[in-house]
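These numbers come from the heavy atoms of this one structure, side chains and all, not from hydrogens, waters or symmetry mates.
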Amino acid sequence: MEGMSRISASVTVFLLNVLLWLTDVQCINFSECPKYVTDSHLGYLDNMIDSQIESSCAIDVKLLKKGTLSDYCYTRGLIYQLGDLIRKNLKFRNNSVYQNNTAALLSLYNDQITKCVLSYNDGDKIKLIKKPNVCDSDIESLSPVQILEKVKQLFIDAKNFRIKYHTDNDCEELYERECENNDRKAESKVDETHRQKNLNLVIAAVLGILGIMFLCGLLYGLHYKRKYRMLKRQLNRPQQDPESPEER
């Protein structure tokens with residue numbers, strides 16, 4: 001499964017690069033980017049959110065964690081994941097209004113957001129940034145409503161990205177370093193959980209032994225008390241003189 005995921009990710013990057021080449025754009029005009037995400041697009045997501053039934057079910061989603069990442073790298077990395085969030089989680093009945101709106105959002109992501117946020121000018125060429133390294137430990141359990149709210153927020157972030165950031169930074173090493181830190185924290189948390197479980201087992205065993213010892217002591221005390229009462233009654237019973245005639 002992991003191998004298939006890597007192949008899928010490679011194919012996605014390849015297709016996005018082909019898409020950029022086919023557009024035959026020599027240079028990205030970032031000043032045009034904020035207008036691509038419109039109120040209509042955000043309205044699609046508001047309608048999807050309002051149509052959801054409240055549910056306690058949750059879906060595990062891999063999402064980049066902030067950690068020590070700069071706001072720039074964190075936001076750009078999450079926007080990179082926006083396409084996967086849409087493709088994997090926004091599924092509606094064929095030919096429904098919501099499916100058509102989802103297709104429009106995905107088209108917006110592929111055609112404009114990829115160009116405006118996930119690409120950069122390298123001389124007379126447009127290059128796509130590398131996919132951020134998301135750790136296995138970077139998992140969030142989200143309800144369907146929370147996923148839709150996350151998607152909407154990422155579209156808003158994409159709309160404002162070039163307003164807030166005017167230059168591009170290389171985040172690749174930061175993603176890798178942050179991933180290593182997160183994995184170490186996750187492993188430490190697992191180890192701490194195991195240690196706590198072992199400690200709880202030891203405490204339970206000690207309490208069990210103490211409970212058995214207390215019960216045994218209580219039973220022994222009751223038995224000794226009964227024996228003492230029987231002996232006391234025997235000692236207090238009047239003794240019969242062997243030389244006196246037996247009463248008839």
Side-chain angles (χ1 to χ4, degrees), residues 2 4-23 25 28 30 32-34 36-37 41-42 45 59-90 102-122 125-140 142 146-183:
E2 184 178 355
M4 291 297 293
S5 298
R6 290 179 179 175
I7 293 173
S8 177
S10 299
V11 170
T12 300
V13 172
F14 173 75
L15 291 176
L16 290 175
N17 277 302
V18 170
L19 179 64
L20 289 173
W21 177 75
L22 290 174
T23 58
V25 177
I28 305 171
F30 291 134
E32 296 290 317
C33 292
Y36 294 129
V37 179
H41 293 118
L42 300 179
L45 289 160
I59 302 170
D60 287 340
V61 180
K62 263 191 177 184
L63 287 175
L64 192 69
K65 289 185 178 178
K66 177 68 165 70
T68 59
L69 291 174
S70 65
D71 291 341
Y72 172 90
C73 291
Y74 177 61
T75 303
R76 201 178 199 186
L78 278 180
I79 292 173
Y80 202 116
Q81 295 181 272
L82 176 57
D84 283 341
L85 276 177
I86 296 173
R87 284 186 287 268
K88 294 179 180 179
N89 300 289
L90 271 61
T102 298
L105 293 172
L106 191 57
S107 178
L108 171 65
Y109 173 83
N110 291 332
D111 296 341
Q112 305 301 341
I113 292 178
T114 297
K115 178 178 66 176
C116 286
V117 179
L118 307 180
S119 305
Y120 61 96
N121 292 320
D122 184 18
K125 295 181 180 179
I126 300 172
K127 290 189 176 180
L128 183 72
I129 65 171
K130 290 186 178 180
K131 185 175 183 179
N133 192 13
V134 183
C135 310
D136 291 336
S137 59
D138 293 352
I139 295 177
E140 291 187 37
L142 302 176
Q146 288 174 322
I147 291 175
L148 287 167
E149 290 173 341
K150 175 69 73 173
V151 169
K152 179 185 176 182
Q153 183 57 52
L154 290 178
F155 271 110
I156 295 173
D157 292 341
K159 178 182 178 69
N160 298 325
F161 190 80
R162 290 301 174 183
I163 298 175
K164 191 173 182 180
Y165 305 107
H166 303 287
T167 58
D168 291 310
N169 301 317
D170 186 3
C171 302
E172 185 177 353
E173 291 185 4
L174 296 178
Y175 291 141
E176 292 179 358
R177 186 171 64 210
E178 188 62 26
C179 186
E180 291 174 358
N181 291 337
N182 288 346
D183 281 344

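- Side chains of Y36 and I113 form no contact here, defined as non-hydrogen atoms less than 4.5 Å apart.
- Atom CD in Q153 sits 8.0 Å away from atom NZ in K150 (nearest 0.5 Å).
- With values rounded to the nearest 0.5 angstrom, Y175 atom OH is found 10.0 Å from E172 atom CD.
- Between G83 and L106, the shortest heavy-atom distance links the atoms O-CD1, 4.2 Å.
- Atom-to-atom distance recorded for L90:CG and L105:CG is 7.5 Å, nearest 0.5 angstrom.
- When the side chain to side chain donor-acceptor pair (under 3.5 Å) test is applied to E176, no partner is found at least two apart in sequence or on another chain.
- Panel note: side chain K159, backbone V37; a donor-acceptor pair is recorded below 3.5 Å.
- One distance of note links CD of E178 with OG of S70; it measures 10.5 Å at 0.5 Å rounding.
- Nearest heavy atom pair, residue L154 against residue I79, reads O-CG1, 4.1 Å.
- In this structure, the side chains of V117 and Y165 stay at 4.5 Å or more apart for every pair of heavy atoms.
- Residues N89 and V151 form no side-chain contact, since every pair of their non-hydrogen atoms from C-beta on lies 4.5 Å or further apart.
- At distances below 3.5 Å, at least one donor-acceptor pair connects side-chain atoms of Y109 with backbone N or O atoms of Y80.
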Under the side chain to side chain contact (heavy atoms under 4.5 Å, CB included) criterion, do V61 and I139 qualify, and how do the steps go?
CA-CA 5 Å; V61 180; I139 295 177; over 6 Å; no
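- Contacts classified as salt bridge (Lys or Arg N to Asp or Glu O under 4.0 Å) and involving residues 160-171 (residues at least two apart or in different chains) are given here: R76-D168, R162-D168.
- Proximity of I147 to L142: side-chain heavy atoms (C-beta onward) are separated by under 4.5 Å at one or more points.
- Partners of E140 by salt bridge (Lys or Arg N to Asp or Glu O under 4.0 Å), not counting sequence neighbours: none found.
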What verdict does the side chain to side chain contact (heavy atoms under 4.5 Å, CB included) test give for R177 and L69, after you've listed the backbone C-alpha separation in whole Å, the side-chain angles of each residue and the deciding distance to 0.1 Å?
CA-CA 9 Å; R177 186 171 64 210; L69 291 174; over 6 Å; no
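- Classification of D71 and K66 as a salt-bridged pair holds, one side-chain N sitting under 4.0 Å from a carboxylate O.
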What verdict does the ring-ring contact (aromatic ring centres under 6.0 Å, His included) test give for F161 and Y72, after you've listed the backbone C-alpha separation in whole Å, the side-chain angles of each residue and the deciding distance to 0.1 Å?
CA-CA 9 Å; F161 190 80; Y72 172 90; 5.4 Å; yes
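- In this structure, the side chain of Q81 engages the main chain of L64 through a donor-acceptor pair within 3.5 Å.
- With rounding to the nearest 0.5 Å, the separation of CG in L118 from NZ in K130 is 15.5 Å.
- Side-chain atoms of K65 do not come within 3.5 Å of backbone N or O of D138 as any donor-acceptor pair.
- To the nearest 0.5 Å, the span separating SG on C73 from CG on L78 amounts to 11.5 Å.
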